[in-house]
Amino acid sequence: MMRMFGLNLTKINLIICLNKTILIAVLTICEVCSFPDFSSAQIQHIEPLNWWVGMKNPHLQLMVHGNNIAQTTPEINYPGVTIQQVHKGEKNNYLFIDLFIDSTTKPGNCLIRFIQNKKELYTCNYPICARTNNPELIKGFDASDVIYLIVPDRFSNGDSLNDVILEMREKKMDRTNEEARHGGDIKGIINHLDYIKNMGFTAIWTTPMLENNMEFTSYHGYATTDYYKVDPRLGTLSEYKQLATKAKEKGLKLIFDGVVNHIGKHHWWMNELPFHNWINKPDSFVTSNHRRTTNQDPYASKYDNDLMIHGWFDKAMPDLNVQHEMLANYLIQQTLWWIETLQLGGIRQDTYCYSDKNFLLKWSCAIMNEYPNFNIVGEEWSLNPLTIAYWQKGNYNKDGYKSCLKTVMDFPLQNALIQALKEPEDAGYDKGLSRLYEALSNDFAFPDPNSILVMVDNHDMNRVLTQLKGDISLTKMALTYLLTIRGIPQILYGTELLYNNGPEKNDGLIRADFLGGWEDDAISAFSGIGLSADQLNMQQYLKKLLNWRKVNPVIHKGKTLHFAPSSGVYVYFRYNQEKTVMVVLNKNNRPVKIDLNKFSEI
């Protein structure tokens, strides 16, 4: 037996207790943890790792995973914390404990005793912590922000010691292989926060940084294998918190990329599921039909909708049965845990519409009820604005669906922008710049057009310069439009360096290494060394435009007035009571003279 008394450790809020072993993960806030005797039971997981006093929802459901833990009865004697109900998993190694945490509860370590046959088989301390901030002070991204999208493995290597972790399935790091890990990490982002700030960005969206213990292409992070563990090749939870803190000090909001539709096939659950139906189609792989319109289609068959919602996104990504009440609770709580732990500035939710929409309603509303000034953007990759508007808060839907999602992604406008710039103006009445004019007119379908995320590309599509056939002038025009139109702009790292991924779509090349992010890089975007004249010009152009936008509320909240394109020229205005900004897009290969009388109404 191991015995530890009165161990006073600050900043502890996870205790994983094993037979004859105690593993402590250092996190935050709670002041004192002591570890009584324990014997035969082995507990591998208690999740969430900790909780807080003063949450608006006082209910908490703990998932306890350990050897024959379901054969025990948990007891708590801690002022303000009561056990309301206990649920056993289908397997003896899972127990779910429903707690009520009264608002008068004092922070501290709540002792949980596990009893079997009137004998205390095992005890463990569970941290109940004080909240860092008033939840209303946790502010999400909005139209005053411009988001810098980063793939951490490809941005900068700040710590070479975590490049290879032998315990991980994908051990190899190879920068010559576009699908392998390249070594970028959290410290690399921290090291270059000043660059991001000085460029004029105000928010950072990183692709997922939770453990992704898969055999290959684990660099992208979208196959989570542990919802409460930072991928060790990217860093530690302490470093993740440091990133959030330092970013906030520099006026940068940190956006968390969440995935609740699916997990990686090597998630620790998959060794022994709490319930057989914890995942969809558990007995054989069935792929989703990707028919996302079944969410809105009044004529959709149950067969098609079931295949869409319950089919797997990929054979390596088991689909989560979010209709299972305990799994739904688990996913909601882990999202709240990350928001509270990192004091996040927003969430980007991957494959949003692939999950059951009633769960998405419950999930999004739970977050927004807890943090009323927060923001979530959901990914619905559709070119139909009506399909996208369905998910935005405040939209009138015939089926009565009322979302709590404030922000959606404007894929229709992105597509229209690229087509508008590529097509010749004489290709037809509705071609060229007319596509932009008509795409923007679809804003009548959105309850809040100013809270739509706009982009020229992202980490899943060809780079904007690639889409525009290498035309730098058109790329500048696309970015100018992005940064002066309504909505919340997002720009992918490397756009300022004219990244071009070549003629064929290749995700690994789209997510190329950022120049200067590695010590042996001969070219650096951070210092400017080795950049071509065109790269320097684009970097400065974007920097000037971003910093101008930052101090112009007329772009953040102003109204829009546009005039139908004519002779290859499209003019629109952003205006408020203090200022009017006129934007002119000229696709001609020559200067043109504009008759200002046309715009006399403004």
Side-chain angles (χ1 to χ4, degrees), residues 133-152 189 193 196-197 199-209 240 243-258 335-336 338-350 352 363-364 367-380 388 391-394 403-411 413-414 446-459 482-493 495 545-547 549-558:
N133 270 324
N134 182 325
E136 295 189 2
L137 298 179
I138 297 182
K139 189 175 185 298
F141 59 91
D142 57 30
S144 67
D145 292 303
V146 179
I147 301 168
Y148 196 49
L149 168 55
I150 294 173
V151 179
I189 301 173
L193 288 175
I196 298 170
K197 175 186 177 181
M199 278 294 298
F201 296 102
T202 61
I204 302 170
W205 155 22
T206 69
T207 54
M209 297 206 288
Y240 203 168
L243 170 61
T245 300
K246 288 186 175 295
K248 184 176 291 187
E249 289 172 355
K250 295 181 184 296
L252 298 167
K253 297 171 184 174
L254 184 61
I255 299 172
F256 182 93
D257 202 337
T335 304
L336 294 171
W338 282 107
I339 296 171
E340 190 73 22
T341 297
L342 298 176
Q343 300 289 290
L344 290 169
I347 289 175
R348 179 264 184 183
Q349 197 62 22
D350 183 66
Y352 189 78
W363 176 84
S364 61
I367 294 167
M368 297 310 301
N369 286 339
E370 189 66 49
Y371 306 99
N373 296 315
F374 197 64
N375 199 4
I376 312 166
V377 56
E379 181 194 31
E380 163 57 285
I388 295 173
W391 299 105
Q392 192 176 33
K393 180 181 179 181
S403 176
C404 286
L405 190 71
K406 287 173 64 175
T407 297
V408 290
M409 292 181 169
D410 203 340
F411 286 101
L413 190 64
Q414 187 277 335
F446 294 98
D448 187 3
N450 211 41
S451 192
I452 301 175
L453 188 143
V454 291
M455 67 293 217
V456 291
D457 60 15
N458 66 20
H459 61 302
L482 181 75
L483 295 170
T484 54
I485 203 62
R486 55 81 178 134
I488 308 166
Q490 166 253 296
I491 294 176
L492 180 59
Y493 78 104
T495 298
L545 191 55
L546 286 165
N547 281 286
R549 186 189 190 278
K550 187 187 294 187
V551 296
N552 274 280
V554 64
I555 304 299
H556 312 159
K557 299 179 181 180

Flag the pair Phe446 / Ile388 as yes when at least one side-chain heavy-atom distance between them is below 4.5 Å, and no otherwise.
yes
For Lys139, does the NZ atom sit with more than 12 other heavy atoms under 6.0 Å from it, leaving out its own atoms?
yes
Do Trp205 and His459 touch side chain to side chain, with heavy atoms closer than 4.5 Å?
yes
Here the gap from Leu336 atom CG to Phe374 atom CZ, rounded to the nearest 0.5 Å, amounts to 9.5 Å
If you round to the nearest 0.5 Å, how far is CG of Leu149 from CD1 of Ile255?
9.5 Å
Can you find a heavy atom in the side chain of Ile555 that is under 4.5 Å from one in the side chain of Leu483?
no
Between CG on residue Asn373 and CD1 on residue Ile138, distance to nearest 0.5 Å
10.0 Å
Interatomic distance, CG@Leu252 vs CZ@Phe141, rounded to 0.5 Å, equals 14.5 Å
Rounded to the nearest 0.5 Å, how far apart are CG of Leu453 and CG of Asp145?
10.5 Å
For Pro152 and Ile189, which heavy atoms make the closest approach, and how far apart are they?
CB-CD1, 4.1 Å
Would you say that Asp448 contacts Lys393 through its side chain, given a criterion of any heavy-atom pair below 4.5 Å between the two side chains?
no
In the structure I gave you, are the side-chain heavy atoms of Pro372 and Glu136 within less than 4.5 Å of one another anywhere?
yes
When you compare the side chain of Asn375 with that of Ile488, does any pair of heavy atoms fall below 4.5 Å?
yes
Side chain proximity check, Arg486 to Val454, heavy atoms < 4.5 angstrom
yes
If you compare all heavy atoms of Val151 against all heavy atoms of Thr207, which two are closest, and at what distance to 0.1 Å?
CA-OG1, 3.5 Å
Where the side chain of Thr202 meets the backbone of Val146, is there a donor-acceptor pair that is under 3.5 Å apart?
yes
Would Ile150 and Ile196 count as a side chain to side chain contact (heavy atoms under 4.5 Å, CB included) here? Give the steps.
CA-CA 11 Å; Ile150 294 173; Ile196 298 170; 3.9 Å; yes
Take the angle between the ring planes of Trp338 and Tyr240 and call it parallel below 30°, perpendicular above 60°, tilted in between.
tilted
Report the C-alpha separation of Asn458 and Phe411 in whole Å, then their side-chain angles, then the decisive distance to 0.1 Å, and conclude whether the side chain to side chain contact (heavy atoms under 4.5 Å, CB included) test is met.
CA-CA 10 Å; Asn458 66 20; Phe411 286 101; 3.9 Å; yes
Has the side chain of Ser403 got a donor or acceptor atom that lies under 3.5 Å from a matching backbone atom of Gln392?
no
Indicate yes or no for a side-chain donor-acceptor contact from His556 to the backbone of Arg549 under 3.5 Å, with no hydrogens or angles considered.
yes
Does any N or O in the side chain of Glu380 come within less than 3.5 Å of the main-chain N or O of Asp410, such that one atom is a donor and the other an acceptor?
no
Do Lys550 and Phe201 have side chains that get closer than 4.5 Å, going by heavy atoms?
no
Indicate yes or no for a side-chain donor-acceptor contact from Gln414 to the backbone of Val456 under 3.5 Å, with no hydrogens or angles considered.
yes
Test salt bridge (charged side-chain N to carboxylate O under 4.0 Å, His left out) on Asp142 and Lys557 and set out the steps.
CA-CA 10 Å; Asp142 57 30; Lys557 299 179 181 180; over 6 Å; no
Drop me the distance from Tyr148's OH to Leu193's CG, to the nearest 0.5 angstrom.
11.5 Å
What pair of heavy atoms forms the shortest contact from Lys253 to Gly345, and how long is it?
CB-CA, 4.1 Å
Please report the C-alpha distance between Ser364 and Trp391 in whole Å, then the side-chain angles of each, then the deciding distance to 0.1 Å, and finally whether the side chain to side chain contact (heavy atoms under 4.5 Å, CB included) criterion is met.
CA-CA 11 Å; Ser364 61; Trp391 299 105; over 6 Å; no
Between Leu546 and Gly200, what is the shortest heavy-atom contact and its length?
CB-CA, 3.9 Å
So does Lys248 have more than 12 non-hydrogen atoms from other groups sitting under 6.0 Å from NZ?
yes
